[in-house]
Amino acid sequence: YAHHYAWNAGMMCKMAKPTHRKMRFFLIALILLLPSCETIGGSVTASHARAWSGEHFRKQQTRQCANFVASCVAASGNTPLPVGYSKASAWCDWGRPVSRSQLLPGDIVIMKNTYKRGVSHVGVYVGGKNRMMVHRPTANRPVKTVLLSSYNGKIWGFRRRVNKVR
């Protein structure tokens with residue numbers, strides 16, 4: 001058939017039948033234009049982290065970096081936190097690993113040997129042309145946005161969220 005029929009307000013209307021070529025074009029355009037769920041959740045995580053820059057996050061409490069990262073990830077929803085999320089080392093197995101060249105806003109930055117041996121600090125990568133990250137430095141200092149390169153030599157790795165399947 002060159003046309004198909006549809007009911008509209010009780011009347012039968014003649015409508016053009018979509019071709020396979022048009023449908024294929026539409027689906028390809030839709031796939032290319034929509035960002036992945038990881039990207040959407042990651043940008044929410046990064047936005048939440050940026051909003052804290054210059055503010056105190058639970059002043060006077062220890063292990064603020066990991067709790068800060070957990071609050072940013074939780075704000076984006078649909079991703080379970082790692083068991084023991086209040087420790088920086090708990091983030092080492094969370095999500096999936098990514099390389100420095102693949103970083104997207106919202107990825108977790110895991111650092112080693114910052115104040116003790118081994119994995120000791122975490123932050124949220126927020127991107128930008130200068131490749132920035134947001135982290136909670138100590139119990140008495142506000143959340144800071146810093147150059148990722150300021151931790152060169154101390155980077156353990158990077159992790160990206162993996163969304164729950166519904």
Per the side-chain contact (heavy atoms from CB on, under 4.5 Å) rule, which among M133, K154, R100 passes with V109?
M133
Atom pair NZ (K112) and NE2 (H121), whose distance is rounded to the nearest 0.5 Å:
15.0 Å
Smallest heavy-atom separation, S120 atom then C65 atom, equals O-SG, 4.3 Å
I want to check something: taking the side chain as every heavy atom from C-beta on, are P142 and H56 in contact at a cut-off of under 4.5 Å?
yes
For a 4.5 angstrom cut-off between non-hydrogen side-chain atoms, does V98 reach Y125?
no
Looking at Y85, I want to see if its OH is surrounded by more than 12 non-hydrogen atoms of other residues, nucleotides or ligands under 6.0 Å.
no
Would you check if I110 and C92 make a side-chain contact, meaning some heavy-atom pair closer than 4.5 Å?
yes
Qualifying residues under side-chain contact (heavy atoms from CB on, under 4.5 Å), relative to S101, sequence neighbours excluded
S99
Hey, could you give me the CZ/NE2 distance between F68 and H48, rounded to the nearest 0.5 Å?
6.5 Å
Report the distance from atom CG of L103 to atom CD1 of I108, rounding to the nearest 0.5 Å.
10.5 Å
Is there a donor-acceptor pair closer than 3.5 Å between any side-chain N or O of S76 and the backbone N or O of V44?
no
V126 versus A49, closest heavy-atom pair with distance:
CG1-CB, 4.4 Å
Backbone N or O of Q102 within a donor-acceptor pair of the R160 side chain at under 3.5 Å?
yes
Can you see which heavy atom on R161 is nearest to which on T45, and at what distance?
NH1-OG1, 3.6 Å
Taking the side chain from S53 and the backbone from R50, do they hold a donor-acceptor pair closer than 3.5 Å?
no
Taking all heavy atoms of D107 and all of L104, pick out the closest pair and write down the distance.
OD2-N, 2.8 Å
All ring pair (Phe, Tyr, Trp, His ring centres under 6.0 Å) counterparts of W94, not counting sequence neighbours:
W91
What's the shortest heavy-atom distance between T145 and M132, and which atoms?
CG2-CE, 3.7 Å
What residues, two or more places apart in sequence or in another chain, satisfy side-chain contact (heavy atoms from CB on, under 4.5 Å) together with S149?
L147, N152
How close do V143 and P137 get, heavy atom to heavy atom, and via which atoms?
CA-CD, 4.2 Å
What's the spacing between W52 CH2 and C72 SG if we round to 0.5 Å?
9.0 Å
Would you compute the distance between atom CZ of F158 and atom CE of M111 and round it to the nearest 0.5 angstrom?
9.0 Å
